[in-house]
Amino acid sequence: MSTFVLVHGAWHGGWCWAALERVLRDMGHDTHAPTLTGLGERSHLTTPDIDADTHVTDICNTIKWRELSDIVLVGHSYGGMVVTGVAGQMPERIRSMVYLDAMVPEESGVSLFSKANPERMAAFEKELEGGGFTLKPDLFDAWSDDPETIEWLKSKCTPHPVGCFRNGVTLTGRETEIAHKLYILAERNKPSAFWAEHEKVRGRGGWQTTKLPTKHDAMVEAPEVLARLLVDFDQRTRA
């Protein structure tokens with residue numbers, strides 16, 4: 001049995017992993033998919049102070065208090081920033097890491113949103129000119145092309161604290177201690193900033209890369225295929 005800790009992306013919550021969790025558990029594995037502070041069922045806790053480091057603490061505390069170790073840590077989209085920060089805090093608890101169409105931060109405190117898409121970040125800032133500190137979800141067409149799924153996502157997603165986009169995650173350097181890393185690119189999510197992230201790590205030591213023929217929310221669109229890919233990767237690291 002393997003233990004998968006699943007970290008969702010912006011505007012989402014732990015709910016987005018439900019189908020994947022069912023498949024992984026049916027295969028005999030343990031899964032944990034916490035919702036980050038200020039989102040989903042924890043949206044009532046949102047404050048202007050929330051940033052990516054807050055979310056790193058969320059996941060570190062999940063790992064600590066649930067006494068998890070030898071984990072496969074999976075980050076989707078914005079969650080790639082979070083899992084990288086977690087790896088820098090407790091690499092001894094992590095066996096391997098998976099970036100699912102996700103950001104891969106390499107500079108402490110640098111906002112990848114501003115760096116990768118300054119026009120979109122400028123639009124975010126304009127959205128907040130009248131006050132407020134959360135951003136409404138957008139780009140549903142990039143997440144899925146199924147109308148029913150899009151309507152479901154619209155009913156579930158919640159505004160995201162802007163501090164997570166303005167500020168980068170704090171890195172300690174210890175995140176480089178994780179020996180096994182996989183980048184999964186959602187092939188039909190194009191154009192996107194994640195193609196550049198995929199190319200950035202492709203061919204590096206310790207990294208494997210692959211593609212899924214899905215839109216951005218691969219865990220919703222193809223949970224069975226994604227589960228098999230995750231398990232196969234985990235098994236290779238144990239061979």
Side-chain angles (χ1 to χ4, degrees), residues 4-14 32-40 42-43 45-69 71-118 120-122 124-125 128 133-135 159-183 193-194 196-198 200-201 204-207:
F4 293 87
V5 175
L6 310 168
V7 181
H8 64 81
W11 300 289
H12 289 55
H32 301 263
T35 292
L36 302 173
T37 300
L39 296 155
R42 306 183 69 210
S43 56
L45 300 175
T46 190
T47 73
D49 298 325
I50 293 172
D51 59 15
D53 285 341
T54 308
H55 292 157
V56 168
T57 301
D58 285 336
I59 303 304
C60 286
N61 283 347
T62 296
I63 294 169
K64 179 179 178 180
W65 265 273
R66 297 185 189 181
E67 299 182 322
L68 306 179
S69 61
I71 66 173
V72 182
L73 184 60
V74 182
H76 175 239
S77 195
Y78 158 78
M81 294 175 60
V82 178
V83 299
T84 307
V86 172
Q89 295 293 328
M90 46 176 53
E92 69 282 355
R93 300 285 190 104
I94 302 166
R95 177 174 185 79
S96 61
M97 298 178 68
V98 179
Y99 291 79
L100 175 60
D101 221 32
M103 296 291 187
V104 185
E106 297 182 307
E107 299 174 85
S108 188
V110 174
S111 169
L112 288 184
F113 284 88
S114 297
K115 190 173 181 180
N117 196 334
R120 190 178 180 206
M121 192 64 207
F124 286 160
E125 296 292 358
L128 297 177
F133 58 88
T134 60
L135 298 164
H160 197 104
V162 69
C164 301
F165 301 146
R166 285 176 175 157
N167 308 312
V169 69
T170 299
L171 303 180
T172 68
R174 296 194 67 201
E175 61 276 359
T176 60
E177 295 176 20
I178 309 302
H180 306 288
K181 295 180 284 289
L182 172 67
Y183 196 101
F194 305 110
E197 297 295 284
H198 171 266
K200 180 173 73 177
V201 301
R204 286 187 183 178
W207 282 89

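These figures come from a predicted structure and were not determined experimentally.
Here the side chains of Q89 and R174 are not in contact, with every heavy-atom distance at 4.5 Å or above. Taking the side chain as every heavy atom from C-beta outward, V83 and I59 never approach each other to under 4.5 Å. Looking at heavy atoms from C-beta onward, V98 lies out of side-chain contact with F4 at the 4.5 angstrom threshold. Contact check for P161 versus T47: no side-chain heavy atoms found under the 4.5 Å cut-off.
Between H198 and Y183, the two ring planes are perpendicular [angle over 60°; tilted spans 30° to 60°]. Classification of the F124-W11 ring pair by plane angle, with boundaries at 30° and 60°, yields perpendicular.
In this structure, CG on L135 lies 8.5 Å from NE2 on H160, to the nearest 0.5 angstrom. To the nearest 0.5 Å, atom CD of residue E177 and atom CD of residue E92 are 8.0 Å apart. Atom NZ of residue K181 and atom OG of residue S96 lie 10.0 Å apart, to the nearest 0.5 angstrom. Taking CG of L45 as the reference point, atom CD1 of I50 lies at 7.5 Å (rounded to 0.5 Å). Taking CG of L39 as the reference point, atom OH of Y78 lies at 8.0 Å (rounded to 0.5 Å). Note: M90 CE to L73 CG = 10.0 Å, rounded to the nearest 0.5 Å.
Without hydrogens or angle criteria, T172 side chain to G88 main chain gives a donor-acceptor distance under 3.5 Å. Of the possible polar contacts, none joining the H8 side chain to the A33 backbone as a donor-acceptor pair under 3.5 Å is found. Judged purely by atom type and a 3.5 angstrom limit, T35 uses its side chain to pair as donor or acceptor with the backbone of G14. In this structure a side-chain-to-backbone donor-acceptor pair under 3.5 Å is present from R93 to L68.
Minimum heavy-atom separation, T46 to F133: OG1-CE1, 3.5 Å. Heavy-atom minimum distance, S77 versus G9: CB-CA, 4.2 Å. Between C164 and H55, the shortest heavy-atom distance links the atoms SG-CE1, 3.5 Å. Minimum heavy-atom separation, T84 to E175: O-CB, 3.7 Å. When all heavy atoms of P105 and G80 are compared, the pair lying nearest together is CD-O, 3.8 Å. In terms of heavy-atom proximity, M103 sits nearest to A193 at CE-CB, 4.5 Å.
Residue pairs satisfying the salt bridge (Lys or Arg N to Asp or Glu O under 4.0 Å) criterion with at least one member in residues 45-59, sequence neighbours excluded, are listed as follows: R42-D58.
In terms of the side-chain hydrogen bond (donor to acceptor under 3.5 Å, both in side chains) criterion, residue partners of H12 (sequence neighbours excluded) are, by chain and number, D217.
Around atom NZ of K200, more than 12 heavy atoms belonging to other residues, nucleotides or ligands sit under 6.0 Å away.
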Original post:
What's the verdict on side chain to side chain contact (heavy atoms under 4.5 Å, CB included) for T170 and V56, showing C-alpha distance, side-chain angles and the deciding distance?
Top reply: CA-CA 9 Å; T170 299; V56 168; over 6 Å; no

